[in-house]
Amino acid sequence: ISSQLYDNDIVIPHVVAGDNLAFFPLGAFLRRCGAFFVKRSFAGDRVFLSTAYGTGAVLLDLQSGKPAEVWAGNDVLSCHYNTPLLVKGHLYGIDGRQEGGQAALRCVEWDTGKVKWTKEGFGCAGLIHADGLLIACPENGDVVLIDPSPNGYKELARASVLDSPVRALPALAGGRLFVRDGKKLV
């Protein structure tokens, strides 16, 4: 249904936010059309929303009860798969789509939307934040340990662990890191 609507210039939401996402009848219709429901607040009264497909990102301030745009742009952080992480006033996330290796790891200043740095060719990746570090699992099957710094990309370690493609987020439980591809869990 999504592609038929798109082909007929009918744009459906990719992100819908709210307390009650099971509202009748529109909630079920939007889910069947491929809508992606998110209720997320990163810092105080601000919420960050992002998607690829030429839509881009926006940071909204909800303090007044009415959403007010803090910044927006299609050239800041257009996320295809995973939600970026907010670490010490900066977003770390994957910008771009995974087709053709065009996805890059990016650091963006939370308050301004200013891109601090970009690691081209990083690929789509699941990211988690633990003990002050980022753990990434790019689609190529590597596990990458990154020092999150707005001053530049700082890779601390990398190991080839899985087979490509990897789409799952890494998980940390009981002091152990779990990653998986389509066939195995490590």
Side-chain angles (χ1 to χ4, degrees), residues 14-15 36 38 40-43 46-60 69-173 175-186:
H14 292 284
V15 177
F36 181 71
V38 173
R40 188 169 309 254
S41 179
F42 282 111
R46 289 183 171 181
V47 63
F48 173 77
L49 304 172
S50 178
T51 186
Y53 306 100
T55 303
V58 63
L59 180 65
L60 300 173
E69 183 179 293
V70 177
W71 56 262
N74 192 30
D75 58 350
V76 179
L77 192 57
S78 296
C79 303
H80 190 201
Y81 283 114
N82 297 313
T83 304
L85 303 173
L86 179 62
V87 179
K88 296 182 181 176
H90 292 84
L91 287 167
Y92 295 87
I94 303 299
D95 177 65
R97 297 183 55 182
Q98 53 59 255
E99 294 92 350
Q102 56 191 346
L105 179 60
R106 187 167 275 182
C107 172
V108 175
E109 193 171 57
W110 174 256
D111 288 329
T112 66
K114 179 181 177 187
V115 176
K116 300 298 282 185
W117 55 260
T118 301
K119 175 66 174 166
E120 298 291 346
F122 193 82
C124 279
L127 300 170
I128 59 173
H129 179 243
D131 284 340
L133 300 172
L134 299 180
I135 302 169
C137 192
E139 60 188 336
N140 69 0
D142 290 352
V143 173
V144 186
L145 188 63
I146 303 163
D147 180 12
S149 169
N151 298 323
Y153 176 76
K154 296 181 182 177
E155 185 173 306
L156 302 176
R158 179 183 289 258
S160 294
V161 177
L162 301 169
D163 295 325
S164 183
V166 174
R167 299 280 194 270
L169 285 168
L172 194 60
R176 294 184 178 174
L177 179 66
F178 297 90
V179 292
R180 70 175 178 87
D181 59 25
K183 297 179 182 172
K184 65 184 172 205
L185 171 68
V186 181

Under 3.5 Å, which donor-acceptor pairs do the side chains of residues 89-96 form with other protein atoms, sequence neighbours left out?
unit_1, atom_1, unit_2, atom_2, d
His90, ND1, Lys88, O, 3.2
Tyr92, OH, Ser149, N, 3.3
Asp95, OD1, Ser78, N, 2.7
Asp95, OD2, Arg106, NH1, 3.2

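- Evaluation of the side-chain contact (heavy atoms from CB on, under 4.5 Å) rule for Ile146 yields Leu105, Phe122, Leu134, Ala136, Val144, Tyr153 as partners, not counting sequence neighbours.
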Residue pair Phe48, Leu86: steps toward the side chain to side chain contact (heavy atoms under 4.5 Å, CB included) verdict: CA-CA 10 Å; Phe48 173 77; Leu86 179 62; over 6 Å; no

Just list the side-chain donor-acceptor pairs under 3.5 Å for residues 175-183, sequence neighbours left out, or say none.
unit_1, atom_1, unit_2, atom_2, d
Asp181, OD1, Lys183, N, 2.7
Asp181, OD1, Lys184, N, 2.7
Asp181, OD2, Asp163, N, 3.0

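- Minimum heavy-atom separation, Leu60 to Val70: C-CG2, 4.2 Å.
- Of the possible polar contacts, none joining the Trp110 side chain to the Val87 backbone as a donor-acceptor pair under 3.5 Å is found.
- Nearest heavy-atom pair, Ala57 versus Trp71, reported as atom, atom and distance to 0.1 Å: CB-CZ3, 4.3 Å.
- When every heavy atom of Ser50 is checked against every heavy atom of Cys79, the shortest pair comes out as OG-N, 3.0 Å.
- Applying the ring-ring contact (aromatic ring centres under 6.0 Å, His included) test to residues at least two apart or on different chains, none of the pairs has a partner in residues 130-149.
- The minimum heavy-atom distance between Gly141 and Val166, with the atom names listed, is CA-CG2, 3.7 Å.
- Considering only heavy atoms from C-beta on, Leu77 comes within 4.5 Å of Pro84 through its side chain.
- Looking at residues two or more places apart in sequence or on another chain, you find a side chain to side chain donor-acceptor pair (under 3.5 Å) between Asp142 and Asn140, Arg158, Ser160.
- Each of Asn82, Leu133, Ile135 was scored for a side-chain contact (heavy atoms from CB on, under 4.5 Å) with Ile128, with one residue passing: Ile135.
- Under the side chain to side chain donor-acceptor pair (under 3.5 Å) criterion, Asp147 pairs with no residue, sequence neighbours left out.
- Taking CG of Asp131 as the reference point, atom NE2 of His129 lies at 8.5 Å (rounded to 0.5 Å).
- Residue Leu162 comes nearest to Cys137 through the heavy atom pair CD1-SG, 4.1 Å, listed as atom of the first residue, atom of the second, then distance.
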